[in-house]
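Let me begin by presenting the structure, written as structure tokens, before commenting on it.
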Amino acid sequence: MNRQRTAVFTCAMGVSAILLVSGCDSRSGVDTASSPSTASTARPSAAASTAPTTGTPTSATAVATVPVGEVPTNPQAAEALRPWATDLVDGDIDLLTKTCWTISLQGVAEMYTDTDAILAAIAQPGVDGQFAVTWTGPQRTVSVKRSEIVSGYACPSVRPTGSSADLDPREARHTVRRYLSRFIGKPVNPADVEGDYRLVCDGALQTWDPDGTGTATAPPLANNPGRLTGITAFQDSEITSEQLGNSYVRVSVPVTNAAGVTTTEIFTLDVGANGYCIGDVSP
């Protein structure tokens with residue numbers, strides 16, 4: 001799967017200013033009923049030799065010079081991380097923001113700041129885990145989901161070494177943002193399709209129990225994927241989240257249907273194989 005990463009965002013001021021001043025985790029602007037402006041960065045897979053159309057060109061030689069620890073059970077992991085690591089060394093945060101559209105703007109701004117600590121981590125041998133490949137250094141731990149590895153240009157999650165592996169709720173909000181953007185026909189990237197980047201929790205897993213009842217079921221949304229068919233817009237600036245007393249997060253967002261009626265939908269998410277996944281939607 002070639003990944004063409006194209007960011008879609010309009011947080012009023014320039015991206016760099018927004019990341020530093022407001023901590024905006026939105027990509028698609030305040031009201032997605034309005035057409036967002038688009039900034040494009042074409043990114044070939046790691047197997048291709050073509051340089052990106054904007055930002056600092058990444059040559060095959062440059063990619064090879066960034067030390068990335070190999071993963072014996074998953075050799076594609078290090079190969080997919082090297083192009084990202086080269087762009088990190090180049091220090092172009094705008095390029096990383098555009099290419100890493102699977103991560104919130106605020107996540108990119110905060111996670112990718114300590115370059116030296118990140119490079120020290122990824123120079124270590126990687127470990128292939130249940131959901132991700134992980135490189136651990138003295139100060140930072142770098143994890144890459146399998147969908148990122150398959151894309152050929154892996155945008156990792158970075159956290160302080162020794163901290164909890166649980167994802168930040170801002171990434172749950174971004175998961176919902178991506179899901180709704182698909183529904184209204186304005187995905188954050190043309191490549192952001194369910195077949196390649198799964199956002200709905202796996203219906204085959206009988207592990208859904210956000211209320212902690214002790215009786216797990218299949219996630220309801222898996223059996224009703226068209227639950228939000230007919231919506232035309234959502235209020236990006238009004239997305240909020242609430243961490244439950246376990247791995248689950250609830251995200252609230254106002255959505256508008258074709259009749260112009262706006263209601264608040266409640267999304268319940270859990271941590272799955274590709275980060276947060278949506279298991280239920282209710283009014």
Side-chain angles (χ1 to χ4, degrees), residues 1-7 39-105 107-161 165 167 171 189 191-192 196-197 273-275:
M1 172 185 61
N2 278 344
R3 178 183 226 160
Q4 298 296 319
R5 294 178 175 266
T6 306
S40 299
T41 298
R43 173 64 66 176
S45 71
S49 59
T50 305
T53 58
T54 63
T56 304
T58 303
S59 67
T61 301
V63 171
T65 63
V66 178
V68 178
E70 297 295 337
V71 186
T73 57
N74 193 339
Q76 292 81 17
E79 181 181 349
L81 189 61
R82 285 191 185 99
W84 171 87
T86 299
D87 288 339
L88 177 72
V89 171
D90 288 340
D92 191 340
I93 189 65
D94 284 343
L95 177 61
L96 289 174
T97 297
K98 294 171 186 176
T99 54
C100 292
W101 48 265
T102 54
I103 299 173
S104 68
L105 294 177
V108 171
E110 293 184 4
M111 290 192 299
Y112 295 171
T113 54
D114 195 343
T115 301
D116 290 343
I118 292 172
L119 293 177
I122 65 176
Q124 305 302 313
V127 176
D128 197 354
Q130 181 182 8
F131 293 148
V133 173
T134 301
W135 292 261
T136 302
Q139 296 177 302
R140 292 290 183 271
T141 296
V142 177
S143 299
V144 177
K145 296 177 290 188
R146 302 201 184 284
S147 57
E148 294 285 334
I149 295 170
V150 173
S151 79
Y153 184 98
C155 292
S157 295
V158 181
R159 67 180 188 276
T161 295
L167 295 172
E171 300 308 325
N189 186 278
D192 194 16
D196 293 332
Y197 298 95
N274 289 301

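The figures that follow rest on heavy atoms only: side chains count, while hydrogens, waters and symmetry mates do not. Just so we're clear, the structure is a prediction, and the values are computed from it rather than from any experiment.
- Atom CZ of Arg146 sits about 9.0 Å away from atom CZ of Phe131, to the nearest 0.5 Å.
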Walk me through whether Glu171 and Ser104 qualify under side-chain hydrogen bond (donor to acceptor under 3.5 Å, both in side chains). CA-CA 6 Å; Glu171 300 308 325; Ser104 68; 2.8 Å; yes
Run Thr136 and Val127 through side-chain contact (heavy atoms from CB on, under 4.5 Å) and show every step you take. CA-CA 9 Å; Thr136 302; Val127 176; over 6 Å; no
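- In terms of heavy atoms, Ser143 sits closest to Ala132 at CB-CB, 4.4 Å.
- The distance from atom CD1 of Ile93 to atom OG1 of Thr97, rounded to the nearest 0.5 Å, is 4.5 Å.
- With rounding to the nearest 0.5 angstrom, the CD1 atom of Ile149 is 4.5 Å from the CG atom of Asn74.
- In this structure, Lys98 NZ and Asp92 CG are separated by 7.5 Å, a value rounded to the nearest 0.5 Å.
- A salt bridge between Arg140 and Asp116 is absent, with no side-chain N of the basic residue lying under 4.0 Å from a carboxylate O of the acidic one.
- Of all heavy-atom pairs between Ala109 and Thr113, the closest is O-CG2, 2.7 Å.
- The ring-ring contact (aromatic ring centres under 6.0 Å, His included) pairs that include a residue from residues 74-95 are Trp84-Tyr112, where partners are two or more places apart or lie in different chains.
- Evaluated for a side chain to side chain contact (heavy atoms under 4.5 Å, CB included) with Val68, the options Arg82, Glu79, Gln124 yield exactly one hit, Arg82.
- Taking CZ from Arg159 and OG1 from Thr134, the interatomic distance works out to 6.0 Å, rounded to the nearest 0.5 Å.
- The heavy-atom pair separating Gly126 from Val71 by the smallest distance is CA-CG2, 3.7 Å.
- Once rounded to the nearest 0.5 Å, the distance linking OG1 of Thr102 with OH of Tyr197 reads 7.0 Å.
- Under a 3.5 Å cut-off, the side chain of Glu148 and the backbone N or O of Cys155 do form a donor-acceptor pair.
- A 4.5 Å side-chain heavy-atom check between Val150 and Asp196 finds every atom pair outside the cut-off.
- Between Ser151 and Ala154, the shortest heavy-atom contact is OG-N, 4.4 Å.
- Taking all atoms of both residues into account, the shortest heavy-atom contact from Cys100 to Tyr153 is SG-CE2, 4.4 Å.
- Taking all atoms of both residues into account, the shortest heavy-atom contact from Gly69 to Ala78 is O-CB, 3.7 Å.
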